[in-house]
Amino acid sequence: MTILPDRYAARLADARDRYRRLGDRPGAIGLWALIAALFLWAAIFQTQLFVVGMIVGSVLALGAMGLTLVFGILRFANFAHGDTMMLGSYIAYLLFTGTVVGSQANIDTDIGISLDQLPGATSKLGDLSFGYGLLIAIVLAGVAMALFSIALDRLVYRRLRRRNSSIVIFAMAALGVAFSTRALMMIIWGPDPRRYVSGIHLAQHYPLDIVLKTDQIFIFVVALALALLLYILLFHMKLGKAMRAMADNADLALVSGINTDRIIIWTWAIGGGLMAIAGGLLAIQASLKPDLGFGLILPLFAATILGGIGKPQGAFIGAMVVGVTQEVSVEFFSAGYKPAVAFVILILILLLRPRGLFGTTS
Amino acid sequence: MRTGRLITPVTLLAVTLLIVIIPAERSGWKLSLDTGVIPFLAAFLTTVGIYSIFTLALNVQWGYTGVFNFGVAAFFMVGAYTGAIFSVGPADPDSSLRYVGGFGDVFSPPFLDSEQWLPFIVATLAAGIASGLLALLLALPTLRLREDYLAITTLGVAELLRRVVIQEDGLVNGSRSMIGIPSPLSGYFSADTQRFVDLAIVVVLVAIVFLVVERSIRSPWGRVLRGLKEDEVAVAASGKNVFSFKMQGFVMGAVIMGMGGAIFAFNRGSIGPTTFEHFFATFLIWAMLIVGGSGNNWGAIAGAYVVWGLWTTTLQLNGYDLPDILRSRIFFMRDFLVGALIVIVLLLRPQGLVPEERRVSSWLDRQMRHQRKKPPEPAAAPES
């Protein structure tokens with residue numbers, strides 16, 4: 001078979017063995033290098049798009065960290081995450097403005113009670129485009145979505161868990177929930193885009209020719225602060241350590257005396273709260289539309305898989321990569337291809353290192 | 001248990017009543033081949049037939065092989081556009097319609113007098129091949145990984161392809177839709193009769209797909225696929241190449257989906273990016289398979305019938321004098337109910353209307369029949 005002299009063949013086989021023993025480490029190093037190169041290049045040559053990408057990424061990160069926790073701890077791909085994120089932003093909208101579509105299509109009615117009736121709730125905070133009413137609404141929406149997620153788990157996912165259903169059945173049920181959620185938003189608020197606050201909000205100029213709205217800086221700061229809180233929870237508190245243990249190995253966690261049912265409730269609560277706040281922050285800088293949620297699924301999953309399933313720190317970096325790449329891509333491709341960027345990233349990871357940056361082999 | 005057994009006949013009967021009575025009532029109980037309930041039923045059954053092709057294909061992928069395709073829309077779309085490109089004539093540079101290809105005339109040499117059927121056969125085959133190639137390409141990086149990676153990837157590619165169609169508007173006329181796709185044999189019949197010809201063509205095709213799928217599933221090859229769904233490790237341990245068999249099941253399903261897409265394009269006459277949105281082109285087909293019962297080809301067809309029946313009935317209801325609050329939202333409510341239906345079926349009746357068969361083997365079936373024909377064996381057979 002071999003055409004090489006034995007000496008060389010042996011040496012070649014040796015080298016091949018050594019390469020195999022490295023596993024997918026070359027893929028990981030390549031991936032990290034690629035990410036570093038991308039960030040460096042984008043920061044220097046496309047500073048404006050880079051900064052906007054970081055802001056988009058920080059919001060995506062809130063969604064992706066919730067998704068990766070659910071994915072890691074409950075072990076299924078929650079395809080409803082994007083749509084429930086949108087539902088969170090709509091709940092904040094309802095709490096803030098009290099507006100729903102009336103009995104006729106396209107004609108809004110007011111439910112009579114809302115946060116914007118509070119004294120001074122709509123007067124703008126500093127350079128921001130909104131008042132404190134919206135912030136309260138978003139926080140309350142976070143609580144509502146945490147409760148909603150727990151209720152959904154009790155109603156649907158726990159029953160499937162008890163039956164030991166395959167992950168595919170879970171994913172299918174999640175897709176059913178996703179479409180029902182979207183239809184629910186259409187029923188209550190109609191298909192047309194809405195905004196929290198109407199009117200034009202001017203951008204400010206910053207050094208290095210960066211043009212940003214103050215809202216965007218606010219979004220970035222809030223997202224970073226929440227990510228930091230989640231980090232402290234996961235790495236320095238007992239609950240968080242139990243969650244990570246369960247994501248690593250659920251059976252081992254159970255025999256170590258961790259109350260897995262309680263952890264699952266907390267996972268949904270954290271995931272639900274984060275998704276509503278992420279949805280609210282997203283809607284501040286863009287607009288609300290029921291079908292935007294489904295488009296978020298791909299970037300969220302790309303970030304989750306890039307970071308490694310069940311690894312919130314990975315999801316954070318993954319979301320930044322997806323955000324920056326999406327924004328920078330506008331320079332080269334039509335903006336209509338933005339959603340495709342996440343897909344290309346996803347395929348690249350699956351080829352290079354399917355378990356992601358921080359993932360462990362299972 | 002007894003009520004469980006009644007669910008299937010009662011559901012089928014209820015849907016049949018709904019789709020006959022409401023259109024009959026709305027057309028004033030007139031029986032005519034041109035208007036009213038009969039043409040409605042012909043069109044209804046044609047659509048059910050087309051959807052059955054997709055559910056049968058998805059059943060090969062999910063019900064038998066256990067491969068998790070969440071991007072039916074991608075294969076549907078590739079098949080439909082390929083079918084369209086291969087059946088229409090070349091694009092007229094003066095019109096606003098812009099598309100590549102237009103091979104309809106290439107495959108009907110004038111001396112054969114075949115322009116009414118040959119291009120359609122070529123187009124359907126081309127659609128199957130294109131869709132199968134896409135499946136091959138997608139499966140290469142993902143089929144070895146966890147099953148939900150393929151789900152995310154297929155979901156992504158469906159969205160990506162829709163983007164490409166919208167952005168590259170010289171490819172298949174972008175979001176203005178590809179219009180004027182001809183229908184097979186349409187030159188021979190009047191528009192009123194064409195409905196029934198379409199139905200006949202679709203029925204024949206569904207029968208062919210059904211037989212092919214049944215035959216292959218009941219063969220040794222099909223039993224390997226079934227084994228893969230149940231226990232991949234056991235199949236690998238018995239010396240089968242898991243990756244290759246999974247790939248074969250996935251590609252076979254995709255080829256059928258592509259062909260179904262082409263038939264859909266001929267039937268509709270016009271297709272655009274909105275036709276292939278996830279809800280309509282992926283989720284509805286999944287809902288049909290889950291409701292009907294995955295892992296059973298009769299279930300796949302029953303599911304298409306029931307779900308499409310409920311779907312069109314809500315459309316019919318809109319003709320009645322509904323209160324405003326309902327009328328303005330009836331389509332969204334329908335979407336909501338289909339989503340909820342899937343969750344409810346998964347929770348309460350995961351096996352669907354027609355449960356999976358325990359034995360899928362034509363060889364064993366033959367043996368059993370053989371056994372039954374023979375006179376009963378003497379009761380005392382000491383060795384056994």
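Chain naming here is simple, since letters A, B, ... match the order of the sequence lines and numbering starts at 1 in each.
- Counting only heavy atoms from C-beta outward, the side chains of Leu155(B) and Phe301(A) never approach each other to under 4.5 Å.
- In this structure, the side chains of Pro290(A) and Phe332(B) stay at 4.5 Å or more apart for every pair of heavy atoms.
- Contact of the Leu346(A) side chain with the Ile152(B) side chain is registered, since non-hydrogen atoms from C-beta on lie closer than 4.5 Å.
- Your options are Ala174(A), Ala171(A), Gly190(A), Ala342(A), and the one with the most heavy-atom pairs under 4.5 Å with chain B is Ala171(A).
- The backbone N or O of Leu347(B) lies less than 3.5 Å from a partner atom in the side chain of Arg163(A), making a donor-acceptor pair.
- Among Ala178(A), Ser180(A), Ala302(A), the residue with the largest count of heavy-atom pairs under 4.5 Å with chain B is Ser180(A).
- Among Leu341(B), Val164(B), Ile166(B), the residue with the largest count of heavy-atom pairs under 4.5 Å with chain A is Val164(B).
- For Phe70(B), the part lying near chain A is the side chain, with the backbone staying farther off; criterion is any non-hydrogen pair under 4.5 Å.
- Contacts between Thr142(B) and chain A at a heavy-atom distance below 4.5 Å involve the side chain alone, from C-beta outward.
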Assess whether side-chain contact (heavy atoms from CB on, under 4.5 Å) is satisfied between Val343(B) and Val177(A), documenting all intermediate values. CA-CA 7 Å; Val343(B) 177; Val177(A) 170; 4.1 Å; yes
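- With a 4.5 Å cut-off on non-hydrogen atoms, Ile344(B) does not touch chain A at all.
- Taking Val157(B), Leu140(B), Leu337(B) one by one and counting their heavy-atom pairs under 4.5 Å with chain A, the maximum is reached by Val157(B).
- Annotation: Phe333(A), atom CZ; neighbour count of heavy atoms from other residues, nucleotides and ligands within 6.0 Å does not exceed 12.
- For the set Glu277(B), Arg334(B), Arg163(B), Glu159(B), the entry with the most heavy-atom pairs within less than 4.5 Å of chain A is Arg163(B).
- For the pair Met172(A) and Leu346(B), the minimum side-chain heavy-atom distance is below 4.5 Å.
- Contact annotation for Val338(B): neither backbone nor side-chain heavy atoms come within less than 4.5 Å of a heavy atom of chain A.
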Which is it for Phe336(B) and Phe179(A) under the ring pair (Phe, Tyr, Trp, His ring centres under 6.0 Å) test, yes or no, and what are the steps along the way? CA-CA 7 Å; Phe336(B) 180 81; Phe179(A) 281 112; over 10 Å; no
